[in-house]
Amino acid sequence: MPEEVVDLTPDRLREMLEDGVLIGDGAMGTYLAALCPQMSGPVELFNLTSPELVASVHRDYVKAGARLIETNTFAANRCQLHRFGRSDEVREINAAGVRIAKGIADDAVLVGGAVGPASIGEFAPSSESELRDVYREQMAALLEAGVDLLVLETFSDLYELQIALETALSLSDVAVICQVTTVGGTGRAELGRLRRLAELVQKGAAAVGVNCSGGPSVVSEAVCELAKLIDAPASAFPNASIPELVGGRSLYGADPSYFGSSAANCVAAGAAIVGGCCGTTPAHIDALARSIDQSGLLLRKRKFTLTLREKPGVTAQKFGAVPFVEKAKSGKPTVIAELHPPKTWSLSAFVHTGKCLARDGVDAFSVPENPGARVRMDSLVAGYMLQRETGVPAIIHMTCRDRGLVAQHSRVLSLAAMDIRAVLAVTGDPPGDQMGRRVSGMYDIGSYGLIELIQGYNTSPDAPYRVSVGCAFNANAVRLDAEIKRLRRKIDLGADFVQTQPIWTSSAVYEIRDRLGDLGVPVFVGVLPFVSLRNAEVLNNEFPGMRIPEEIMSQLRSTPPEQVSSVGLRLAQQVAEAALRCFSGVYIIAPFNRLDVASPLVRLAAGFSR
C-alpha cells in the first residue's frame, strides 16, 4: 500500500485507508536546518538552490518506510516568500518541489503537496479575497506539477483552514488532508476546535487530523477524541518532542525508538495516516514503521461511514446569555460604556468612574486590551476589579495581537476564575515601532479563530457557564460590503453580539441599519463624543477605522476651542438617539474616560423610550 493510483479523489483515498495504515514522512524544515546549520532564508528555496539535498531527504524517508512524502513547499506562498524578496517565484518554487519529490517517489509512494497557513506575520493577506488568491496561486502550481493530493497542515485558525480547503476543492477533485495544531490534547477549549475540524469532512476534506502540537502523547490524545467525533480517516503527525532552545536553535531530544512506539499509539487511537513533524528524521519514521508493523495494525481493515456524532447535551442554564445581551434581545434600550484600564498601578480613578456610570444606569462595561497597541493594565484584571466594585458585568477585550495560541487558551480558562462572562474578540491594532524598536504582534489566530476558540470552550461538557462572545464591526470601512461579509461570518461562527466602531452622524446610523438588515444578534452602535479639536484630529489621522466626515471636522475647526466639547457631546447625543431607535443599544466610548461626557450619554440611553 499504496498501489499505483490515478486521480486520487477523496473516495479513492478513503478506500485505500480502509485497507490499512498509510505511513507518512517526517520533518522537512527542521531536518534541513539540522543538515545545514548555517542556512539563511526559508528551506523552500532549496528546491531551486539545492535540489539534490531535498531529493536526498525524500529518498531517506522512503527508505525508512514512508509511503506518503510531502513536497518542500510548506511556506512557499506569496506572503511568506515576500519576507525574503521572492514572492514572484511561487510557481517556480512549488513546481520544483513537486518535481523533486516525484523524481524519488515510485508507484508505491504518494506525493502530497504541502501547504501551510498564509496569515502569519506582517505580510499576511489583508482580506479574505486576497487570502484565497494566495492559496489559489500556490495550489494551482502544485496541482499543475502533478501532486497526488494536497496536505493542508499546521493551521491554528480553523476558518483559514476552511478557506484553504474551499480553494483546493475549487481547483481540483484530488484528495485534501486537513490538519490543525492543538495546544494540549483535549482541554475544554480544544474539544470545540476538534469538532469544527471534524465538520470539514462534510465540507469535502478526505481526511482530518493533527500535526505538530508537541510530542506523540498530545497528538494521540487529540486523535482519540477526533475519532469519537467522526467516523472518517484521521491523520497524526506529531513532533518528536517539545523542543529545547540551545544557542538560538530548537533541538528535539526524543529518542527515535520512543517516538516510534509512542506515535504508533496514534494508530491505536484511530489514526489512518501517521508520520512525523518538527524534529523527526528518517530514523524516527523507520522506528514508527517498525512499531506499527509489529503491532499488527498496519493492515487493519475498517469502514468509514463519515458519520458526524451529535454534540453532547448541555443545560439551558449554562447556555444562557449575559444580562445585557438578554436585555437587548428583549427590545429594551441597552447601554455599554468603554473604560480604558489605567496606564499606572492605581485603579482608583478607573473604579470611581465606573461607580458613577453604574449609578447612571450603564448595563455593561467594555474594557479594551492595550488599545492602540499601547501598554495599559491587563484588561482581565482591570475588568474583574471594575465588575467586582460596581456589580456591573465587564466585557473583556481579547486581542489576537497580545497572546500566542497557548496563552489564548489560558486566558479563556482564566475567565471562569474571575466570573467574567462576556468577551469581545478582536484582532487588535498592529504595534509597529515602539520605544525605538520594531514590535511584532502574535496573531497566531485571527478574530474568526478566536471566536471559534471561545465557542469551543462553551461546548465543553464541564464548562461552568457559557461565555458570551462579542465581535467588532467597522462601520466606516472603505470596502463596507466586504466588512459586512466578515461580520456575517463572525456571527455564523457564534458571535453573540456586535460592537461597532464609532459612527459619526445620524444619517450614517440609518444607512448602516439598512445595509445590515436583521443580523439576529444585538448590535451596539459606537458613540464617541469629541472633547477637543486635537482629540478629533488624532482620531481621524492616526487611528484605523475612524474616518471622521470632513463636514464634522470643518464644524469643529470653526468652533471656539472652549465650546468644542459641548459641540462634540451634542453630535454624540444625536447619533445615540438615532442608534437607540434603530439598534439594540449604544456603546459609549468616552475619550480619556471623561466622566463629564460619558455620564450624560449613559443617562440619555438608560432613560430612552422607543
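Since we're looking at a predicted model, the values are computed, not measured.
Using a 4.0 Å cut-off between charged side-chain N and carboxylate O, R193 and E452 make no salt bridge. Taking a cutoff of 4.0 Å between a charged side-chain nitrogen and a carboxylate oxygen, D378 and R411 qualify as a salt bridge. Contact check on D429 versus R374 returns no salt bridge, with no Lys/Arg side-chain nitrogen under 4.0 Å from an Asp/Glu carboxylate oxygen. Taking the charged nitrogens against the carboxylate oxygens, E326 and K329 have no contact shorter than 4.0 Å, which rules out a salt bridge. With salt bridges taken as basic N to acidic carboxylate O contacts below 4.0 Å, one links E166 and R132. A salt bridge is defined here as a Lys NZ or Arg NE, NH1 or NH2 lying under 4.0 Å from an Asp or Glu carboxylate O, and R488 with E483 fails to meet this definition.
Between the CG atom of L131 and the CD atom of E160 there is a distance of 5.0 Å, given to the nearest 0.5 Å.
Within the structure, side chain to side chain donor-acceptor pair (under 3.5 Å) contacts touching residues 513-531 (residues at least two apart or in different chains) are D481-R515. A side chain to side chain donor-acceptor pair (under 3.5 Å) check over residues 542-551, counting only residues at least two apart or in different chains, returns the pairs E550-S554, E550-R557.
In terms of heavy atoms, L197 sits closest to C178 at CD1-O, 3.9 Å.
Note on ring orientation: taking the six-membered ring where Trp is involved, the planes of W504 and F530 are parallel (angle under 30°, cut-offs 30° and 60°).
Residues that satisfy the side chain to side chain contact (heavy atoms under 4.5 Å, CB included) test with D360, not counting sequence neighbours, are L357, S599, V602, R603.
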